[in-house]
There are 2 protein chains.
Amino acid sequence: MSGMNRRRITSKELAKLAGVSSATISRAFSPDSRIGSATRDRILAVAREHGYQPNAIARSLNNQRSRLVALVVNAIGNPCEAEEQQLLVHRLQARQLLPIILCCADHSDRLQLMRLASTYQVDHVVVFSDMVSMQDAVDIFHTTKPIIVSFEPLENESVSSIRIDGAEAADEIIDKIVRDGKKRFAYLSGTNSSWIDKLRRKWFADALAKRGLAFEAQAFGDYSYDSGFKEAVLLLHRDKVDAIICGNDVMAIGARDAARRVLGKNTPDDIAIVGQDGIAMAAWDCNDLTTLSLDHVAFIDAVVELIERHDAEVEGPHSITLTCTARWGSTA
Amino acid sequence: MSGMNRRRITSKELAKLAGVSSATISRAFSPDSRIGSATRDRILAVAREHGYQPNAIARSLNNQRSRLVALVVNAIGNPCEAEEQQLLVHRLQARQLLPIILCCADHSDRLQLMRLASTYQVDHVVVFSDMVSMQDAVDIFHTTKPIIVSFEPLENESVSSIRIDGAEAADEIIDKIVRDGKKRFAYLSGTNSSWIDKLRRKWFADALAKRGLAFEAQAFGDYSYDSGFKEAVLLLHRDKVDAIICGNDVMAIGARDAARRVLGKNTPDDIAIVGQDGIAMAAWDCNDLTTLSLDHVAFIDAVVELIERHDAEVEGPHSITLTCTARWGSTA
DNA sequence: ACTGTTTGTGTAATCGTGTGCACAATGTAT
DNA sequence: ATACATTGTGCACACGATTACACAAACAGT
C-alpha cells in the first residue's frame, strides 16, 4: 500500500469498482447532493481503500473555480512581509484555498510572471508587492471576477483595496523626536518610487512640515538589512543627519547597526532611528525598535473580509481603511 | 481595454476570429509543432489583441503536467526557512513552474492539507518541514512520478533525498567551546522529536562524547525567538549550563538576549551560544552569531538538480550529500 | 386506485486544451 | 510525368470531473 508509484485512480474506474456510475461518485464527494446515504458511505469506503480523491484540475475546469489564490509579493525571505503572508496563508488553508506565491523582487519580467499565474484561473489575487503597478495587475487578472487587494486604490476600477493611514502615528513619532532635540531628518526609501513608499514618506513629511521642518536628505535602499546599513553610513557621514526614518524595520536595524559600528553613534541620544511595519523582530530585546506599526492580524482580517465578500458575490469594489500606531522602543 | 471584467476568451472563439480551427490555435502556442510560421504569427497577433492565453487548467488536465510544485514547509514567517524558500521559488519561477506553499506549523491537520494539494496533480513535491513524516508524504503523493526532496532518506522508496552532514563542523565548534573552558552543555531543540532535530543533536552529542562530555540538559522550543528566550532562561537558571546549542539561529538569538537581559551574562565569556542554519540575520552586526551553517545556494542547487533529474525521467531515487561549515561569530 | 411529489441513479453534454489520424497541398527526385 | 517525402491544417476524441435532464422507484394524500 505505501509508496507504490501507481497511477492515480479515476472516477470512472472507481465507479466500476463500486458498481455505480461516475456521476454517483461525483455526488458522493459533493456535500449537498441528492444521493442515498448508504450509497455514499459505500463509495467513500471503496474510495479510501483505493486512495481515490477527485482530481482538482478536472474539477476546476468544469466548475470554473480553482480554489487557487495568487499572492503577489516582493519576497518571502524578508520578515517584514513574511509575517503577514504567514497569517494569510494560514487563513486561506483553513478555507481549503491554496496559495500560489509570485515573488517579484528577483524576477526580471513580473508581468510575464503574473500572466503565467493568471492562466491558472485563480479565484483571487492579493497584491502585496509594491513592485508591480496596480493597473498592470488589473489588466492581467481581468478574468472572471477577480479581486485585487492592495494598498493602492484605483477609484474607477472594480478593485477592492485596503488603505493604510499612518499620518497620526507618524505625527506622534516626529513630535517625540523633535522634542528630543533632533533637527536634520532623512528618509530611507525601500523602493525607488512605489506608491506605498510615497504614501509612507508623505505621512512623515507632513508631520515635519507642520513643525517647519523638511527632510534634509533622501536615500533609496531595497528593504534589506545591507541596504539599510550602507545607505545609513552615507546619510550620517555625508549628510550629517541625526534622525533617519526607514521604509521598513529591517533597514532600520541595518541603519542602527551602521550608526553604532561605523560612526560610533548610539540611539536614541546621538541619533534617532524609526522603522515601519512593526514586525516581531523589531520588538526583540536586541533591537527594541521604535516603529510605525500596523496590526498584522487586523490587516489580514481585512484581506480575508474582502475575499469573503467577493466569494459571496457582493457587488462593486470595496475599501477598508486601517490605522497605524506608534510602537515605542529605545531607538527614538 | 483596461480592467474590463469580461470573460476570458477560449481557444475555439479565437479560432473563429482568426479563421482557423482550434487545433491550430493550440499549435500556435506549442513551440515545436507543425504549423506555418505565417499562420502562427497571425494567430499570436490576434491572440494578443484579444488577450487570449491558453487555459493552464485545461492544458494540465490534457497533458498530465500541471507545472505546479508543492512546497511543504513549517512556516514562511521564519527567516531560517524563508531564505531557502526564496531561492527555490526564484529558481522555479525561472523554469515557469509555480509553487504552492503548504504551511504546516499552524495547520492542525497536515495530512489533510497534503491530500488537498495532491489533488492538484503537482509535478513535484519538496518537503522542507520536519513536522510531517516522510512516509506520510510518500503515501499521499504516490501519484504519477513525484519526487520528494528532504533531509530524511527513505532507503526502500522511490524518493530522492538530500542528506546533510554537519558532524565535522559541529566537532570544530565544540572543540573551540571546550578549549574556552565551558563545561556544562545544553541542547535546545526546535521540535519535540523530528528526524532533522535528532540528526543535528547527534552531531554535537558525538563531538561532546569524543571529549568525555555529554549534554547536561535538554529543552524543546518551536524554532521561534520567544521560545529560545524562554527556554534559555530555564536552562541557565535551573540547570546552570554555560553553553547552549540551539536548533536554529532564531532561537539562538533569543537565548543570547535572555542570557544578557535576564541573567546579565554575556557571550562568549560567561556563556557560549551556537545557532544552526547560517541565515543572513545571524551575520548582522547586532547578532554576530556562531552558527553551524549550511550553504543555502548549494542546498537549493541540489533541490533543483533533483527536480531536473526527475523531469528528465532519470530512473530511481537519488541522493545528494551536503556538508555544513562552522561560521564564527562572537557568541562562542 | 390514482395522481403528484420526493428521492436516487444513469445518460450524456460540458469545461478548454492537446494530439493522433486523415488528407490536401506543396516540394523533390527519378 | 510519376512516385514519394514533407508540410500544414481540420476532425474528432481524450483528459477527469460536474450537472441538467430523464426516468424509475418509493411514498404521500385524497
Side-chain angles (χ1 to χ4, degrees), chain A residues 6-44 46-47 50-68 116 118-123 143-144, chain B residues 6-44 46-47 50-68 96 115-116 118-123 143-144:
Chain A
R6 237 186 34 247
R7 194 176 53 79
R8 189 169 283 270
I9 202 177
T10 92
S11 130
K12 204 166 293 183
E13 295 171 309
L14 189 69
K16 197 157 294 176
L17 290 171
V20 294
S21 81
S22 75
T24 306
I25 300 292
S26 170
R27 284 189 267 258
F29 283 90
S30 300
D32 39 332
S33 205
R34 291 201 335 200
I35 184 178
S37 56
T39 320
R40 162 173 283 150
D41 292 346
R42 186 162 48 87
I43 289 179
L44 291 184
V46 182
H50 293 269
Y52 170 83
Q53 281 202 261
N55 182 324
I57 297 290
R59 171 181 282 184
S60 302
L61 177 60
N62 183 282
N63 59 11
Q64 318 275 55
R65 300 189 84 247
S66 62
R67 304 199 73 79
L68 294 174
L116 176 60
S118 79
T119 64
Y120 282 81
Q121 322 295 337
V122 295
D123 289 346
T143 168
T144 52
Chain B
R6 238 184 36 245
R7 193 176 54 78
R8 191 169 283 270
I9 202 176
T10 90
S11 126
K12 205 167 293 184
E13 294 171 309
L14 190 69
K16 197 157 294 176
L17 290 170
V20 293
S21 81
S22 76
T24 305
I25 301 291
S26 170
R27 283 191 266 258
F29 282 89
S30 301
D32 38 333
S33 204
R34 292 203 332 203
I35 185 179
S37 56
T39 321
R40 161 172 284 150
D41 291 347
R42 185 163 48 88
I43 289 180
L44 291 183
V46 182
H50 292 270
Y52 170 81
Q53 282 202 260
N55 183 324
I57 297 290
R59 171 181 281 184
S60 303
L61 176 60
N62 184 287
N63 59 11
Q64 317 274 57
R65 300 189 83 249
S66 62
R67 303 199 72 80
L68 295 174
Q96 310 271 77
R115 270 191 285 266
L116 175 60
S118 79
T119 64
Y120 282 82
Q121 323 295 339
V122 294
D123 289 346
T143 166
T144 52

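So you know, we letter chains A, B, ... as the sequences are listed, proteins then strands, and number each from 1. Hydrogens, waters and symmetry mates play no part in the numbers below; they use all other heavy atoms, side chains included. Model, not experiment: these values are computed from the prediction.
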Given D:dT9, is OP1 or OP2 found less than 4.0 Å from the side-chain N or O atoms of B:T39? yes
Should A:R34 be listed as having a side-chain N or O under 4.0 Å from OP1 or OP2 of C:dT7? no
Separation of D:dC15 P from B:N63 CG (nearest whole Å): 13 Å
D:dG16 OP1/OP2 closer than 4.0 Å to side-chain N/O of A:S26: no
Does C:dT9 have OP1 or OP2 sitting under 4.0 Å from an N or O in the side chain of A:T24? no
N/O donor-acceptor pair, side chain A:R27 with base C:dG10, under 3.5 angstrom: yes
Any side-chain heavy atom of B:I25 within less than 4.5 Å of one from B:Y52? yes
To the nearest angstrom, how far is A:R59 atom CZ from C:dG16 atom C1'? 18 Å
D:dA17 OP1/OP2 closer than 4.0 Å to side-chain N/O of B:Y120: no
Do you know which two heavy atoms are closest between B:Q121 and B:S66, and how far apart they sit? O-OG, 2.8 Å
Rounding to a whole Å, what distance do you find between A:N55:CG and C:dT14:P? 21 Å
Students often get this wrong, so: under 4.0 angstrom with heavy atoms, is B:I35 touching a base, only sugar-phosphate, or nothing? sugar-phosphate
Contact check, side chains of A:L68 and B:Y120, non-hydrogen atoms, under 4.5 Å: yes
Please state how far atom CG in B:N62 lies from atom P in C:dT17, giving the value in whole angstrom units. 11 Å
Between A:S21 and C:dT11, does any side-chain N or O lie under 4.0 Å from OP1 or OP2? no
Under 4.5 Å between any side-chain heavy atoms of A:H50 and A:E13, yes or no? no
